[in-house]
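Take a look at the structure below.
Everything numeric in this text was worked out from a predicted model, so none of it was measured. Numbers restart at 1 for each chain; the letters A, B, ... are given by sequence-line order, proteins then strands.
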There are 2 protein chains.
Amino acid sequence: MARTTIDDVAAAAGVSIKTVSRVLNDEPGVRTETRGRVREAIASLSYRPSLPARSLAGKRSNLIGLVYDNPSANYVFDVQSGAMARCRDAHLRLFIQSCNDLGGETVEEVLAMIDQTHVDGLVVTPPLSSDAALISALEERRLPFVRLAPDDTSRGGPCVIMDDEAAAHDMTEHLLDLGHRRIGFVAGHPEHPSSRLRRQGYQAALDAAGVGENQPIEQGFNDTASGYEAGRRLLSASKRPTAIFASNDDMAAGVVQAAHELGIDVPRQLSVAGFDDSQIAAIVWPALTTIRQPAYEMAFAAAGLLIDLVRDRPAPAVTELAYTLVQRGSTAEAP
Amino acid sequence: MARTTIDDVAAAAGVSIKTVSRVLNDEPGVRTETRGRVREAIASLSYRPSLPARSLAGKRSNLIGLVYDNPSANYVFDVQSGAMARCRDAHLRLFIQSCNDLGGETVEEVLAMIDQTHVDGLVVTPPLSSDAALISALEERRLPFVRLAPDDTSRGGPCVIMDDEAAAHDMTEHLLDLGHRRIGFVAGHPEHPSSRLRRQGYQAALDAAGVGENQPIEQGFNDTASGYEAGRRLLSASKRPTAIFASNDDMAAGVVQAAHELGIDVPRQLSVAGFDDSQIAAIVWPALTTIRQPAYEMAFAAAGLLIDLVRDRPAPAVTELAYTLVQRGSTAEAP
DNA sequence: TTGTAAGCGTTATCAG
DNA sequence: CTGATAACGCTTACAA
């Protein structure tokens with residue numbers, strides 16, 4: 001039951017292991033006919049090169065890493081799926097590392113993972129993509145990495161982004177177009193890079209419409225519970241808003257829940273807008289008008305960039321993907 | 001910038017690399033004082049042994065794998081988190097492999113992953129845990145594996161389960177206790193192991209109460225859309241049920257949505273129950289009465305079993321974890 | 001175009 | 001209790 005090795009393939013094809021290695025790595029300098037013979041031997045033995053052996057011997061491990069520190073199941077799932085799909089295309093393996101519930105040892109843990117697994121590069125997802133300590137540590141190691149949705153694209157190498165600010169601006173305009181003038185906002189988690197951008201877009205749109213003053217804003221923390229609390233505060237105020245824009249869908253769902261409890265009809269008496277288009281956006285009642293953030297596609301692109309990077313191919317510094325405003329039942333004309 | 005190796009540690013501690021290796025692997029035959037000296041050197045150099053080198057040289061890779069083929073973000077996230085936490089405790093790394101959207105190449109892909117990564121064992125999550133072809137292939141390779149929530153625990157080695165049937169039974173009894181006598185059911189995905197068990201529990205409880213005949217049952221596919229469709233069918237029938245029990249939360253959310261659309265008040269006119277206690281259960285309005293499936297804990301336990309297995313320690317064949325009936329706002333007395 | 005030999009960072013074997 | 005040396009399966013450098 002010993003594993004099939006490169007020697008077995010070489011023997012079967014009647015060549016040296018070096019030639020097999022050349023075929024494996026798509027290196028030039030092998031006659032087409034020889035190459036075919038080797039390929040056949042590989043297939044018939046269903047030989048699969050050992051990743052550990054390759055990474056030990058060569059400069060590459062054919063493994064790239066993805067790190068996250070994010071409690072949102074939907075987002076993490078989409079991001080993993082996108083990155084994995086891209087890796088599959090490139091015949092690379094993806095090593096996924098969670099840093100959830102790690103306290104202050106995040107950087108330490110990521111570095112340990114890098115050293116132990118020999119990953120060739122890293123996809124860094126939000127909010128880690130804006131973690132200064134981590135970014136510096138990676139730069140110091142000279143490990144190629146691509147950041148997903150960081151708040152600052154001016155330094156730190158290639159990244160894949162979406163224009164959160166413009167999206168929030170669009171959504172706010174959507175509400176203004178529906179006739180709303182008092183539009184509450186539930187701000188996102190202060191440590192999340194996109195929170196600031198979304199709030200800026202919201203404020204800018206209100207300012208442009210001349211109603212930027214004294215709009216009610218409450219702090220949330222990106223989970224349903226904090227959205228619910230913020231919603232209750234906003235809806236219990238004397239001058240109640242006719243629309244509430246929450247910085248993500250989970251919080252928007254919380255706002256909808258608060259409205260239900262207070263007997264406020266959504267969308268007739270209150271419009272609610274979310275952000276992310278996560279699974280729950282379509283599940284809550286009424287379904288949420290939201291911004292579809294192409295998490296899968298962004299991760300797919302990020303993995304692609306990283307692969308280019310580790311293969312010494314040129315890669316653009318900033319890749320921006322388009323968002324979409326998804327209009328559903330939770331927003332309507334102002335009462 | 002060369003990596004810190006076992007030689008560096010050996011030099012710093014004034015011992016041979018073999019002794020360092022012994023300390024690393026907690027092998028006996030090292031004087032306490034020597035061991036301490038080596039430990040200090042490891043810490044001060046922040047040395048981290050190379051996983052590839054270890055797996056190439058030794059019998060173990062210190063890596064275990066987790067495979068899934070499951071579209072539910074919440075479930076996958078919980079399972080990953082649980083397994084990863086257990087691995088962290090044991091100083092092992094977890095290699096996660098998705099088989100989503102792979103068509104018929106699932107077994108092939110898993111075997112390729114095993115060969116390439118040299119994982120010491122595998123946590124097999126549902127529905128792969130009931131995939132006969134995969135299980136046979138793993139047995140043939142003699143790779144240790146632990147199955148999560150398989151439908152058949154009688155063969156295939158250790159597994160971690162929850163009593164789906166008893167849970168569905170309990171939930172149905174809960175509805176009966178509330179006075180419901182016409183209780184619709186939305187069956188789960190036919191290829192999911194638990195679907196059959198949940199349906200059996202539902203039916204058995206009805207039979208025990210003497211109302212098992214002619215209850216309306218619709219087929220769903222574990223997603224919200226199919227739950228919505230099934231809900232519409234159930235609620236449009238001439239003899240409308242006063243309660244609907246869906247085989248998972250996503251479908252229950254779809255039923256709630258259908259009820260909203262038809263102007264049927266939940267829970268006053270219709271009670272709805274789900275299963276899984278996924279994130280959305282608490283988010284939909286009204287929040288779902290459901291069964292909490294301890295996905296995190298089950299995965300944690302499964303990883304623990306697997307670790308015992310690969311370290312040649314005895315492990316129980318079947319580990320059963322307890323579920324909880326979580327009562328929320330979606331169920332109430334029959335009208 | 002192909003092959004030979006050395007070595008990657010560990011663990012296993014066996015000797016001291 | 002400790003250490004020298006040979007693997008492990010591959011890539012790299014260099015020859016032929």
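- When the side-chain nitrogen and oxygen atoms of S50(A) are compared with OP1 and OP2 of dG9(D), none of them lie within a distance under 4.0 Å.
- At whole-Å resolution of the value, CD in Q116(B) and C1' in dG9(D) are 14 Å apart.
- Checked against R147(A) for a side chain to side chain contact (heavy atoms under 4.5 Å, CB included), the options V160(A), V123(A), I135(A) give a single hit: I135(A).
- As judged by a 4.0 angstrom heavy-atom cut-off over every strand, P49(A) is placed among residues touching the sugar-phosphate backbone only.
- With hydrogens and angles disregarded, no donor-acceptor distance shorter than 3.5 Å links the side chain of S55(B) to the backbone of P52(A).
- Between the side chain of R22(A) and the base of dT2(C), a donor-acceptor pair under 3.5 Å is found.
- Between the P atom of dT12(D) and the CD1 atom of I6(A) lies a distance of 11 Å, rounded to the nearest Å.
- Taking only distance into account, the side chain of K18(B) meets the base of dA12(C) through a donor-acceptor pair shorter than 3.5 Å.
- Salt bridge present: R155(B) and E139(B) bring a charged side-chain N and a carboxylate O closer than 4.0 Å.
- If you find the closest nucleotide of DNA chain C to R60(B) and to G14(A), the one lying nearer the 5' end belongs to G14(A).
- No hydrogens or angles considered: a donor-acceptor pair under 3.5 Å links the side chains of S154(A) and D152(A).
- Set against dT11(D), dT10(C), dG9(D), the side chain of R3(A) has dG9(D) as its closest nucleotide.
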Exercise. Decide yes or no on salt bridge (charged side-chain N to carboxylate O under 4.0 Å, His left out) for R35(B) and E40(B), but give the supporting numbers first.
Key: CA-CA 9 Å; R35(B) 198 178 287 273; E40(B) 273 172 35; over 6 Å; no
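- Between A57(B) and R31(B), the one whose closest nucleotide on DNA chain D sits nearer the 5' end is R31(B).
- Distance, E33(A) CD to dT1(C) C1': 12 Å, rounded to whole Å.
- What separates CG of N62(A) from P of dG9(D) is a distance of 18 Å, to the nearest Å.
- The stretch residues 40-48 of chain A comes close to DNA chain D through Y47(A), each having a heavy atom under 4.0 Å from the strand.
- Of the possible polar contacts, one joining the N100(B) side chain to the N70(B) backbone as a donor-acceptor pair under 3.5 Å is found.
- Partners of S81(A) under the side-chain hydrogen bond (donor to acceptor under 3.5 Å, both in side chains) rule, at least two apart in sequence or in another chain, do not exist in this structure.
- One can place CD1 of I17(B) at 21 Å from P of dC1(D), the figure rounded to the nearest angstrom.
- In this model, the phosphate group of dC1(D) is not approached by any side-chain N or O of T34(B) to a distance below 4.0 Å at OP1 or OP2.
- The distance from atom CG of L51(B) to atom P of dT11(C) is 10 Å, rounded to the nearest whole Å.
- Taking 4.0 angstrom as the limit, T5(A) places none of its side-chain polar atoms (N or O) nearer than this to OP1 or OP2 of dG9(D).
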Quiz item: According to the Watson-Crick and G-U wobble definition with distances under 3.5 Å, which dot-bracket string, read 5' to 3', encodes DNA chain D, using [ ] for crossing pairs and | for pairs with another strand?
Solution: ||||||||||||||||
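- Residue L56(B) places its side chain closer to dG9(D) than to any other of dG3(C), dG9(D), dT2(C).
- Side chain of D115(A) to backbone of A112(A): no donor-acceptor contact under 3.5 angstrom is found.
- Regarding contacts with the backbone of dT11(D), a side-chain N or O of R54(A) is found under 4.0 angstrom from either OP1 or OP2.
- Donor-acceptor pairing under 3.5 Å is lacking for the side chains of R60(B) and H118(B).
- In this structure, H118(B) places its NE2 atom 13 Å from P of dC8(D), rounding to the nearest Å.
- When all heavy atoms of L138(B) and V124(B) are compared, the pair lying nearest together is CD1-CG2, 3.9 Å.
- Regarding contacts with the backbone of dT2(D), every side-chain N or O of T19(B) stays at 4.0 angstrom or more from both OP1 and OP2.
- In this structure, D7(B) atom CG and dT5(D) atom P are separated by 14 Å, rounded to whole Å.
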